[in-house]
A.B. asks: 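Got a structure for you, written out below as structure tokens; questions coming shortly.
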Number of protein chains: 2
Amino acid sequence: MAHTRLRPPTMADVARQAGVSHQTVSRVLGDHPNVRDATRARVLRAIEEMGYRRNFSARALATRRTRTLGVVASDTTLYGPASTLFALEEAARAKGYLVSTVSLRKLTMESLSEALDHLSEGGVEGVVAIAPQRSAVDALAELRHPFPVVIVGGGPGVDITCVGVDQHLGARLATGHLLAAGHRTVWHLAGPEDWQEAADRAAGWRDTLEAAGVEPPMLLRGDWSPLSGYRAGQELAGWVGRGLTAVFVANDQMALGVLRALREAGVRTPQDVAVVGFDDIPEAEFFAPPLTTVRQDFSAVGKRGIALLLDLIEGRPPATAPRVEIEPQLVVRASTFPYAAQPDGTPL
Amino acid sequence: MAHTRLRPPTMADVARQAGVSHQTVSRVLGDHPNVRDATRARVLRAIEEMGYRRNFSARALATRRTRTLGVVASDTTLYGPASTLFALEEAARAKGYLVSTVSLRKLTMESLSEALDHLSEGGVEGVVAIAPQRSAVDALAELRHPFPVVIVGGGPGVDITCVGVDQHLGARLATGHLLAAGHRTVWHLAGPEDWQEAADRAAGWRDTLEAAGVEPPMLLRGDWSPLSGYRAGQELAGWVGRGLTAVFVANDQMALGVLRALREAGVRTPQDVAVVGFDDIPEAEFFAPPLTTVRQDFSAVGKRGIALLLDLIEGRPPATAPRVEIEPQLVVRASTFPYAAQPDGTPL
DNA sequence: CCGCGAATTGTTAGCGCTCACAATGACCTC
DNA sequence: GAGGTCATTGTGAGCGCTAACAATTCGCGG
């Protein structure tokens, strides 16, 4: 007969019902060998009947493992961080870990410290920080924490394990693509100075030009937003006819703003000015014109990040170098090549 | 003298160091009154010196509370779900709860069931499901789980507490805006049939037209993607000059595709056809032309969702109705009104 | 200077699980 | 049939904390 049970059943309850000891129940749940099939079946039936679920806290206390990882991130509504977050969670879950997230509005020393405390109180065994700003990386390096930390998207220099896409290579692909198409030089609209990825992309752009014997033109800066791209685009429009025929924009959102400003200034893309972005956000294919851009493999970043963190947690020597770089990929569309395919596959 | 300590210090270690009982340490940490200031100071100093941190699992086991909530979501790289996720985490953290996320690629019965199991194994006290598809809501209603569940963005009908933006009202705002601007009728590009929000927006559109004594024209369907909007836009372009002067598109991404298709067909926006979107993604302001759209207050959704879940967890009678609706807001831009302000504030 | 209530501190038992080890039984070999 | 081995199951001791209760101390009126 079913009576209301105030407390959820414990392992001992199940054991009693199945006529075994609690340890045998534990063995069944832990997939230990050396449990007779008949016994296992009896236990499983009791578990099923009573709707038993192993108590997380008791288990964690006894094993000293919570199997929970923390992630600290900011700007999680942007495509890049959101994709990274998704990839990290998926990779962690595949390894049997739970992920607790803290999304910050700003990665300051203070907010980071609070976030790590919060996660620490939550018993995480390690943390992945999506920290693209140098200042955030520095803060992280200073902060004391009782668990290993892996940084995604951050820069080198500090003594923390990092994973990220090879931004320098991405920028070389973008800039090289434009040079190969016959442009004499390539302008660059960079991201905020403090961002490691912005710096790496700018460096890749500069190095490619210099390797080709071209003096890099003036560098413009935006803040990743379409609005800042729009403003930079207005400025860029003023240089058309004075040597500007190609622009490498440090992300797709700013490229959107640039495209709009150019269009409003009567500048045609790609006939007058070719534009390349970075990220390959889903909308990029539908910009006017569809945007040539650099695609990052976030899923790979997530997998490597989690793998690295688990190595650290389990005290294994990290399987790879402390700095892991994932290769990006150039996606060519009509913003640099007028005959590139339409979104639905038909030529323009 | 400092020697390497293999195990992190326990409360008993701190107590010994401070010359008190572990219980007094617990009192200090728990902010209990009735601890003499001198004692408190001594304990705090010991904690500081030893770098003590309270063990999460032991605490959770003793209190039977993990103070952890779960969130199940899908499509977390899209603006809407990502914003909701962010808002939920922020609201939960403000209440002292940790959030564990599971991001699914598809919300099927099977994946949902696995997600709830995974969270359950992780000891969550309750779950918020971002489940915009009806099928997902139905699956959730069928699934047994040992904790309360609140649905965000889902529909009514089932016996689960829901929070969401009032989509019907949003659609009325959008459609009414177009009618007020003098359009004789408004076409609609809806989202996938299975999505509650798509259905509500379509219903709001239809109701507004009928209230105005207008027979709703043929309804088009997309899948939220820019590509599907592009295809629908090509079809819509064929109706220009045959009564089509205004379109309400069920989200901004599809609206982007529609705008592009119209432009390619030589149709001007807003002079020939006015377009309204839904969501107000950050890029919407930079579409060509800037998009009139409906803004949703995700932060409010997050707060109400968490509040509701905590009510359920703590056995309080829910402070509000089982179905909470947040009011959306119309944002007018140039896609419906040629004199709307430019992104940077200057008139066109 | 005793006694009483309030403030402060200590003691004892779990919370529900896993681990290490002990115990049981089945089966086999010589 | 004694002794040994292996597979299977049970027992006891924590894991590190909080909650309930017991004990101690302090201040102060009588």
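Residue numbers start from 1 in every chain, and the chains themselves are labelled A, B, ... in the order their sequence lines are given, proteins ahead of strands.
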A.B. asks: Mind checking B:F56 for me? I need base, sugar-phosphate or nothing, with any heavy atom below 4.0 Å counting as a touch.
C.D. replies: nothing
A.B. asks: Could I get the full list of side chain to side chain contact (heavy atoms under 4.5 Å, CB included) partners for B:R65, not counting sequence neighbours?
C.D. replies: B:T63, B:R67, B:Y97, B:E125, B:I313, B:E314
A.B. asks: Report the end-to-end axis angle of the helix from C:dC1-D:dG30 to C:dC30-D:dG1; each axis comes from five terminal pairs, and the value is rounded to 10°.
C.D. replies: 50°
A.B. asks: Calculate the interatomic distance between B:R64 atom CZ and C:dG16 atom C1'; express it in whole Å.
C.D. replies: 9 Å
A.B. asks: For B:T39, report the nucleic acid contact type (base, sugar-phosphate, nothing); a contact means any heavy atom under 4.0 Å.
C.D. replies: sugar-phosphate
A.B. asks: Just how far, in rounded Å, is C1' of C:dT9 from CE of B:M11?
C.D. replies: 15 Å
A.B. asks: Checking the side chain of A:T76 only, and the main-chain atoms of B:F86 only, is there a donor and an acceptor separated by less than 3.5 Å?
C.D. replies: no
A.B. asks: Holding to ring-ring contact (aromatic ring centres under 6.0 Å, His included), I want the full list of residues that pass it with A:H145, two or more places apart in sequence or in another chain.
C.D. replies: A:F147
A.B. asks: Who are the side chain to side chain donor-acceptor pair (under 3.5 Å) partners of A:S83, not counting sequence neighbours?
C.D. replies: none
A.B. asks: The criterion is side chain to side chain contact (heavy atoms under 4.5 Å, CB included); which residues satisfy it with B:A91, sequence neighbours excluded?
C.D. replies: B:K303, B:I306
A.B. asks: Show every salt bridge (charged side-chain N to carboxylate O under 4.0 Å, His left out) that has at least one partner inside residues 15-37 of chain B, sequence neighbours left out.
C.D. replies: B:D13-B:R16
A.B. asks: Who pairs with B:R54 by side chain to side chain donor-acceptor pair (under 3.5 Å), at least two apart in sequence or on another chain?
C.D. replies: none
A.B. asks: Please check: side-chain N/O of A:S113 versus main-chain N/O of A:M109, any donor-acceptor pairing under 3.5 Å?
C.D. replies: no
A.B. asks: First contact, last contact: which nucleotides of DNA chain D are these for chain A, 5' to 3', heavy-atom distance under 4.0 Å?
C.D. replies: D:dT8 to D:dG16
A.B. asks: Under 4.0 Å, heavy atom to any atom of DNA chain C: which of residues 21-37 of chain B qualify?
C.D. replies: B:S21, B:H22, B:Q23, B:T24, B:R27, B:N34, B:V35, B:R36
A.B. asks: Kindly write out the residues that satisfy side chain to side chain contact (heavy atoms under 4.5 Å, CB included) with B:A41, not counting sequence neighbours, or none if the list is empty.
C.D. replies: none
A.B. asks: Give the rounded distance in Å between these two atoms: CZ of B:R59 and C1' of C:dG14.
C.D. replies: 17 Å
A.B. asks: Distance-only check: which donor-acceptor pairs under 3.5 Å involve side-chain atoms of residues 44-52 of chain A, not counting sequence neighbours?
C.D. replies:
{"residue": "A:R45", "atom": "NH1", "partner": "A:E49", "partner atom": "OE2", "Å": "3.2"}
{"residue": "A:E49", "atom": "OE1", "partner": "A:Q17", "partner atom": "NE2", "Å": "2.7"}

A.B. asks: Enumerate donor-acceptor pairs with a distance under 3.5 Å from any side-chain N or O in residues 115-123 of chain A to protein atoms, sequence neighbours excluded.
C.D. replies:
{"residue": "A:D117", "atom": "OD1", "partner": "B:R53", "partner atom": "NH2", "Å": "2.9"}
{"residue": "A:S120", "atom": "OG", "partner": "B:R53", "partner atom": "NE", "Å": "3.1"}

A.B. asks: Between A:L61 and B:V20, which has a closest nucleotide on DNA chain C that is more 5'?
C.D. replies: B:V20
